[in-house]
Amino acid sequence: MLGLMQNWPLTVDKILDHAKAWHGDREIVSRSVEGPIVRSSYAAAHERAKRLSNALKGLGVQTGDRIATLAWNTGRHLEAWYAIMGMGAVCHTLNPRLFAEQLCYIINHAEDRIIFTDLTFVPILAENAPNLPTVKHYVVMTDREGMKGVNLPGALCFEDLVESGSPDFEWGGFDENTASSLCYTSGTTGNPKGVLYSHRSNFLHTLVTLGVDVMGLSATDTVLPVVPMFHANAWGLAFSCAAAGCKLVMPGAKLDGPSVHELLESEGVTFSAAVPTVWLGLLQHLRATNGKLSTLKRVVIGGSAVPEAIVRGFRDEFGVDVTHAWGMTEMSPMGSLSAPTARVAAMGAEDQLRYKLKQGRPPLGVEMKLEDDANKRLPHDGTTFGRLLVRGPAVAGGYFKGDGGQILDDEGFFDTGDVATIDEQGYMQITDRAKDVIKSGGEWISTIEIENIAVGHEKAANAAVIGAYHPKWDERPLLLVQLKPGEQATKDEFLAFLEGKIAKWWTPDDVVFVDDIPLGATGKIDKKLIRDRMKDYVLPTARTPVGA
Ligand code: AMP
């Protein structure tokens with residue numbers, strides 16, 4: 001027997017319709033790419049997005065066409081996002097931090113028809129346009145004044161397009177399983193692969209993220225999504241802020257400590273989300289300038305593991321609560337958050353911290369399991385490491401155009417490529433990426449855990465651990481440290497700092513001081529590049545003794 005409730009397709013255009021109807025005057029504030037702060041509202045964004053849908057229709061855009069954006073977080077980007085999805089086309093967010101070669105690969109693979117671009121990226125596109133045969137139009141997200149310096153033949157002006165379209169456009173009206181958006185994984189192994197979200201998956205993900213133990217957004221919040229819309233959908237914030245009616249503060253191109261701080265204070269931001277490196281930059285700036293955080297209450301940090309020093313810094317110096325989150329592009333992206341259970345909430349602050357540093361618990365709509373290499377389920381005892389697999393309505397079932405083949409196991413779970421533990425309270429903790437974990441004498445060593453302790457050393461700006469070849473143990477940990485400017489340190493200082501905080505046999509066999517720890521396109525430590533740079537390095541414990 002079927003239920004008798006209304007068939008109300010879960011399409012994301014309804015999210016902006018809702019924001020317009022019930023939070024129409026709530027502000028959308030952007031630091032524009034041209035420089036000045038620009039103020040708009042959900043009602044204005046709704047009208048402008050509809051005009052843009054009409055203009056896109058005029059350019060021949062049809063349902064299912066891939067329309068790309070190469071843009072920072074701004075009000076204009078948000079308008080393009082809803083204009084494209086609302087009309088049934090697919091909004092393909094491109095990550096401008098990728099190399100030009102990778103960008104071209106992705107654009108061609110997706111067969112993008114139109115690219116919306118910020119002024120910042122016009123030169124890259126102008127240089128590569130001859131290699132992008134599917135792209136029929138470039139839309140530069142600026143006004144007529146901004147177009148003056150644009151050197152991209154045939155480029156259209158965003159503001160002209162908005163002005164040219166009528167505000168009457170019927171969004172939606174299609175199946176909720178229609179594709180809404182496309183985002184490629186960073187491609188740390190092989191070519192990047194496309195994750196094709198549906199309206200339904202994004203709508204459900206939005207409802208999930210609004211939960212109090214997830215993002216917990218309220219109409220009274222002012223939200224600064226530092227995490228870019230091209231990094232796994234700004235972790236859903238471009239949807240959830242509109243759904244909740246939050247004031248939205250878009251940071252544009254400036255994500256450095258001073259610029260983020262200025263917006264946090266001038267706009268009265270209460271909630272923000274970003275990767276750890278952004279927060280390291282902010283904390284350093286605040287300490288150097290004796291700065292304050294007068295309105296910020298909560299930050300969600302994810303994308304890579306949160307070092308303890310960040311959680312303590314926010315908590316003890318600025319009274320800001322950190323929620324550690326884990327997820328991935330393939331999960332829309334939220335997979336788990338470290339919000340306290342009743343038992344954890346009853347603990348003292350220091351005990352709670354141990355749980356805060358874990359990647360956390362899955363919300364409703366995310367199922368998890370741990371398995372060994374023989375696909376046997378592993379216990380949730382907080383110590384047994386295993387491959388982490390996930391299932392849910394906002395988890396990828398396959399990649400665009402079938403890349404990577406069948407990606408689900410017999411039970412429909414997706415292998416995240418992460419290695420994790422799950423404890424008795426249900427807190428998942430990432431130990432490593434499967435390909436980064438150090439296999440020493442048949443046992444596993446977590447590089448993330450050592451890195452996070454090492455980065456807490458007062459002289460460290462950043463730290464990374466990789467496995468280096470060892471003739472007896474196969475691999476042993478090698479710690480690389482980037483010191484803060486002007487600092488000097490010895491290997492023994494760092495080894496002494498780790499002593500007692502990790503198992504003795506996890507102690508790195510060597511510490512090497514480096515000029516920089518390279519970060520990839522989504523702010524994660526680029527271990528592939530580090531391994532490449534260190535390929536000729538030999539551990540002191542692996543060197544053949546003289547005369548042997
Ligand atoms: P992406 O799809 O670029 O967001 O990358 C997803 C991957 O980032 C995950 O599979 C993890 O390896 C890593 N990741 C994301 N969040 C965290 C976190 N909080 N701690 C450790 N690793 C993380």
Side-chain angles (χ1 to χ4, degrees), residues 93-95 97-98 102 106 181-190 192-197 205 214 225-237 273-280 299-308 310-311 322-339 355-362 366 368 370 385-390 394-396 399 404 407 413-422 427-437 446-452 455 464-465 519-528:
T93 45
L94 292 165
N95 184 341
R97 295 180 182 136
L98 294 172
Q102 274 174 312
I106 291 174
S181 34
L182 179 64
C183 183
Y184 280 68
T185 60
S186 29
T188 38
T189 46
K193 294 190 265 310
V195 179
L196 189 63
Y197 309 98
H205 184 263
V214 190
V226 182
V227 55
M229 288 156 79
F230 56 74
H231 181 195
N233 307 316
W235 303 348
L237 289 168
V275 295
T277 39
V278 167
W279 300 123
L280 277 175
V299 290
V300 169
I301 311 185
S304 38
V306 177
E308 185 172 332
I310 292 189
V311 184
V322 169
T323 304
H324 188 188
W326 165 85
M328 53 197 313
T329 307
E330 286 90 335
M331 299 184 73
S332 298
M334 301 311 284
S336 67
L337 294 101
S338 67
Y355 289 92
K356 270 193 171 301
L357 292 172
K358 298 194 178 203
Q359 278 71 10
R361 302 177 288 110
V366 176
M368 279 183 182
L370 279 186
F385 300 13
R387 288 161 42 234
L388 178 66
L389 293 100
V390 291
V395 179
Y399 290 108
I407 61 168
F413 279 82
F414 168 76
D415 190 332
T416 62
D418 285 332
V419 174
T421 58
I422 299 179
Y427 282 77
M428 183 275 288
Q429 181 161 28
I430 300 282
T431 321
D432 244 317
R433 286 296 288 168
K435 57 184 187 306
D436 295 336
V437 70
S446 160
T447 62
I448 292 186
E449 205 169 321
I450 307 174
E451 282 160 10
N452 283 347
V455 87
V465 175
L519 302 179
T522 50
K524 299 182 215 307
I525 295 176
D526 189 342
K527 297 251 171 121
K528 202 166 127 204

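Counting convention: from 1, in listed order, for ligands and their atoms alike.
- In this structure, a donor-acceptor pair under 3.5 Å is absent between the side chains of Thr447 and Asp436.
- Here is the list of ligand 1 atoms found below 4.0 Å of a heavy atom in His324: 18 (C), 19 (N), 20 (N).
- Of the possible polar contacts, none joining the Lys527 side chain to the Arg433 backbone as a donor-acceptor pair under 3.5 Å is found.
- Using a distance-only test at 3.5 Å, with no hydrogens or angles considered, a donor-acceptor pair links the side chain of Ser446 to the main chain of Thr431.
- Side chain of Lys193 to main chain of Tyr184: no donor-acceptor pair is present (N/O by atom type, distance under 3.5 Å, no hydrogens or angles).
- No heavy atom of Met331 sits closer than 4.0 Å to any atom of ligand 1.
- In terms of modelled atom types and a separation under 3.5 Å, the side chain of Ser332 and the main chain of Ala394 share a donor-acceptor contact.
- Where the criterion is an N or O separation shorter than 3.5 Å, residue side chain and backbone included, Ile301 fails it with respect to ligand 1.
- A distance-only check finds a donor-acceptor pair linking the side chain of Lys524 to the backbone of Gly303 [under 3.5 Å].
- Under 4.0 Å from ligand 1, not a single heavy atom of Pro333 appears.
- Checking side-chain atoms of Ser336 against main-chain N and O of Pro362 turns up no donor-acceptor pair under 3.5 Å.
- The closest protein non-hydrogen atom to atom 8 (O) of ligand 1 is Lys524 NZ, 3.1 Å.
- Using a 4.0 Å cutoff on heavy atoms, Gly417 does not count as a contact of ligand 1.
- In terms of protein heavy-atom proximity, atom 4 (O) of ligand 1 is nearest to His231 NE2, 3.4 Å.
- Within ligand 1, the atoms closer than 4.0 Å to a non-hydrogen atom of Met328 are 2 (O), 4 (O), 6 (C), 10 (O), numbered from 1 in the order shown.
- A donor-acceptor contact shorter than 3.5 Å is absent between the side chain of Thr323 and the backbone of Ala339.
- Regarding atom 19 (N) of ligand 1, its nearest protein heavy-atom neighbour is Ala325 O, 2.7 Å.
- Side-chain N or O atoms of Trp235 include none that pairs as donor or acceptor with a backbone N or O of Met334 at under 3.5 Å.
- When only interatomic distances are considered, the shortest N/O to N/O separation between Ala305 and ligand 1 falls below 3.5 Å.
- Contacts with ligand 1 closer than 4.0 Å are made by no heavy atom of Ala232, backbone or side chain.
- Judged by distance alone, with hydrogens and angles left aside, the side-chain atoms of Gln359 form no donor-acceptor pair with the main-chain N or O of Trp326 at under 3.5 Å.
- Compare Trp235, Trp326, Tyr184 by their heavy atoms: the one nearest to atom 17 (C) of ligand 1 is in Trp326.
- Geometrically, ligand 1 and Gly303 share a nitrogen or oxygen pair separated by less than 3.5 Å.
- Listed by number with element, the atoms of ligand 1 under 4.0 Å from a non-hydrogen atom of Arg433 are 9 (C), 10 (O), 12 (O).
- A donor-acceptor pair is defined here as one N or O able to donate and one able to accept, closer than 3.5 Å; such a pair exists between the side chain of Asn95 and the backbone of Ala521.
- Residue contacts with ligand 1: Thr329 is placed with a nitrogen or oxygen under 3.5 Å of a nitrogen or oxygen of the ligand (distance criterion only).
- With a 4.0 Å heavy-atom cut-off, ligand 1 is reached by the side chain of Asp418 but not by its N, CA, C or O.
- Protein heavy atom at the shortest distance from atom 22 (N) of ligand 1 is Ser304 CA, 3.8 Å.
- Shown in contact with Gln359 at under 4.0 Å from a heavy atom are these atoms of ligand 1, numbered in order with element: 18 (C), 19 (N), 20 (N), 21 (C).
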